[in-house]
Amino acid sequence: MDGFNLDNYIRKVPNFPKMGILFYDITSILSTPTAYRYCIDKMIELYRNKNIDAVAAIEARGFLFAASFAYCMNIPIIPIRKKGKLPGVTLSKKYALEYGSAEIEVHRADVPKSKRVLLTDDLIATGGTLNAARSILIEGGAEVPEIFGIVGLPFLDYQKILEHTPVTTLINYDNE
Ligand code: AMP
């Protein structure tokens with residue numbers, strides 16, 4: 001699959017969901033099995049030898065990649081959800097988004113103590129969501145040795161907020 005051009009499957013939608021935002025739509029990856037398999041295969045290639053015990057993913061698009069990865073690796077999925085969606089005892093954190101603000105939660109009982117959790121999302125913009133997710137996982141006693149995103153927008157400086165944790169993305173976009 002070397003030479004596969006993932007960019008062909010990421011639609012750039014200007015002014016969505018708000019004026020001034022260029023939205024990177026990954027639904028063409030989902031509707032194209034070769035593109036989807038490319039992403040999951042890459043995740044497995046990147047992390048199969050890194051002693052990953054569980055994968056955490058951000059609602060909702062993050063789940064679509066983490067679930068297949070977890071199935072292939074035979075590891076648990078830790079869903080990180082928007083506030084108010086999880087019925088059990090949760091750890092939560094408020095954070096700023098590229099557009100607006102939000103709060104995320106995880107079931108406290110899902111966070112495995114002293115285990116290595118790969119934290120994932122579909123796209124990393126400011127890194128605010130993943131930073132908040134990382135902090136609730138760590139608060140719950142897990143280790144977060146690596147962060148993964150399909151798409152990265154490094155011009156929004158996510159490397160700074162996520163420093164101390166290696167971040168890998170399959171494709172990056174510059175500010176155009
Ligand atoms: P952030 O916390 O700024 O890194 O935002 C990451 C979350 O918001 C991810 O779950 C993305 O799916 C979504 N997101 C933020 N900016 C964009 C964008 N320009 N295009 C698509 N999704 C985005």
Side-chain angles (χ1 to χ4, degrees), residues 5-32 35-36 38-40 42-43 46-47 54-70 77-86 90-107 110-111 117-139 144-176:
N5 192 358
L6 194 58
D7 177 54
N8 291 337
Y9 304 94
I10 298 168
R11 199 158 59 103
K12 291 88 190 169
V13 186
N15 302 318
F16 183 87
K18 284 187 179 172
M19 278 301 283
I21 301 290
L22 181 60
F23 188 82
Y24 295 86
D25 175 26
I26 54 86
T27 56
S28 298
I29 297 178
L30 305 176
S31 62
T32 311
Y36 185 71
Y38 171 84
C39 293
I40 304 303
K42 278 281 174 196
M43 291 174 76
L46 283 163
Y47 299 109
V55 60
I58 313 282
E59 177 180 0
R61 284 164 299 202
F63 292 176
L64 298 165
F65 296 95
S68 294
F69 174 74
I77 305 166
I78 305 170
I80 297 178
R81 303 212 57 187
K82 286 165 192 145
K83 192 170 176 59
K85 302 282 185 184
L86 293 170
T90 60
L91 298 165
S92 70
K93 181 113 185 149
K94 270 207 177 106
Y95 64 101
L97 281 175
E98 187 187 4
Y99 36 89
S101 75
E103 188 164 352
I104 51 167
E105 290 187 318
V106 66
H107 270 150
D110 286 351
V111 181
V117 175
L118 172 66
L119 175 56
T120 66
D121 201 356
D122 68 322
L123 181 141
I124 313 177
T126 65
T129 311
L130 288 167
N131 186 42
R134 179 177 61 175
S135 62
I136 52 179
L137 290 169
I138 289 170
E139 192 186 333
V144 181
E146 302 259 356
I147 291 176
F148 173 83
I150 301 294
V151 182
L153 308 182
F155 64 91
L156 292 172
D157 265 352
Y158 62 74
Q159 300 94 329
K160 209 179 275 173
I161 198 173
L162 297 174
E163 65 177 350
H164 310 308
T165 305
V167 179
T168 305
T169 51
L170 297 186
I171 188 166
N172 284 338
Y173 289 99
D174 294 327
N175 200 1
E176 286 149 14

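In each ligand, atom 1 is the first atom listed, and ligand 1 is the first ligand listed.
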Undergrad: Could you check whether Glu105 pairs with Arg81 (Lys NZ or Arg NE/NH1/NH2 to Asp/Glu carboxylate O, under 4.0 Å)?
TA: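 Salt bridge flag = no for Arg81 with Glu105.
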
Undergrad: For atom 1 (P) of ligand 1, which of the options Val13, Thr126, Ile10 provides the nearest non-hydrogen atom?
TA: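 The residue whose heavy atom sits nearest atom 1 (P) of ligand 1 is Thr126.
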
Undergrad: Could you tell me whether Ala125 and ligand 1 have an N or O pair separated by under 3.5 Å?
TA: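 Right, the criterion is met.
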
Undergrad: Is the closest heavy atom of Ile58 to ligand 1 under 4.0 Å?
TA: no

Undergrad: Which value, rounded to the nearest 0.5 Å, describes the distance between Ile80 atom CD1 and Thr129 atom OG1?
TA: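 Here the rounded value is 10.0 Å.
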
Undergrad: Heavy-atom distances under 4.0 Å decide this one: backbone, side chain, both or neither, for Leu22 against ligand 1?
TA: backbone

Undergrad: Run the salt bridge (Lys or Arg N to Asp or Glu O under 4.0 Å) test on Arg61 and Asp25 for me, step by step, so that the C-alpha distance in whole Å, both residues' side-chain angles and the decisive distance to 0.1 Å come before the verdict.
TA: CA-CA 10 Å; Arg61 284 164 299 202; Asp25 175 26; 5.9 Å; no

Undergrad: I'd like to know if Tyr24 contacts ligand 1, where contact means a heavy-atom distance under 4.0 Å to any ligand atom.
TA: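 Yes.
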
Undergrad: Answer with side chain, backbone, both or neither: which part of Asp121 has a heavy atom less than 4.0 angstrom from an atom of ligand 1?
TA: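 Looking at Asp121 and ligand 1, just side chain atoms fall under 4.0 Å.
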
Undergrad: Between atom CG of Leu64 and atom CD1 of Ile29, what is the distance when rounded to the nearest 0.5 Å?
TA: 10.5 Å

Undergrad: Check each atom of ligand 1 against the heavy atoms of Arg61 and keep those under 4.0 Å away; list them by number with element.
TA: 11 (C), 12 (O), 13 (C), 22 (N)

Undergrad: Could you go through residues 163-171 and list every donor-acceptor pair under 3.5 Å that involves a side-chain atom there, pairing it with any protein atom two or more places apart or in another chain?
TA:
{"from": "Thr165", "atom 1": "OG1", "to": "Arg134", "atom 2": "NH1", "distance (Å)": "2.7"}
{"from": "Thr169", "atom 1": "OG1", "to": "Asn172", "atom 2": "OD1", "distance (Å)": "2.7"}

Undergrad: Enumerate the atoms of ligand 1 whose separation from the nearest heavy atom of Asp122 is less than 4.0 angstrom.
TA: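 Those qualifying, in numeric order: 9 (C), 10 (O), 11 (C), 12 (O).
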
Undergrad: Considering Val151, Thr129, Ile80, which one's heavy-atom position lies nearest to atom 7 (C) of ligand 1?
TA: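 Nearest heavy atom to atom 7 (C) of ligand 1 lies in Thr129.
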
Undergrad: Is it the case that ligand 1 has an N or O less than 3.5 angstrom from some N or O of Gly127?
TA: yes

Undergrad: Specify the closest pair of heavy atoms between Phe148 and Leu118, including all atoms of both residues, with the distance to one decimal.
TA: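 Result for this residue pair: CB-CD1, 4.2 Å.
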
Undergrad: With Phe65 as reference, evaluate Val55, Ile150, Asp121 under the side-chain contact (heavy atoms from CB on, under 4.5 Å) test and give the passing residue.
TA: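 Only match with Phe65 under side-chain contact (heavy atoms from CB on, under 4.5 Å): Ile150.
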
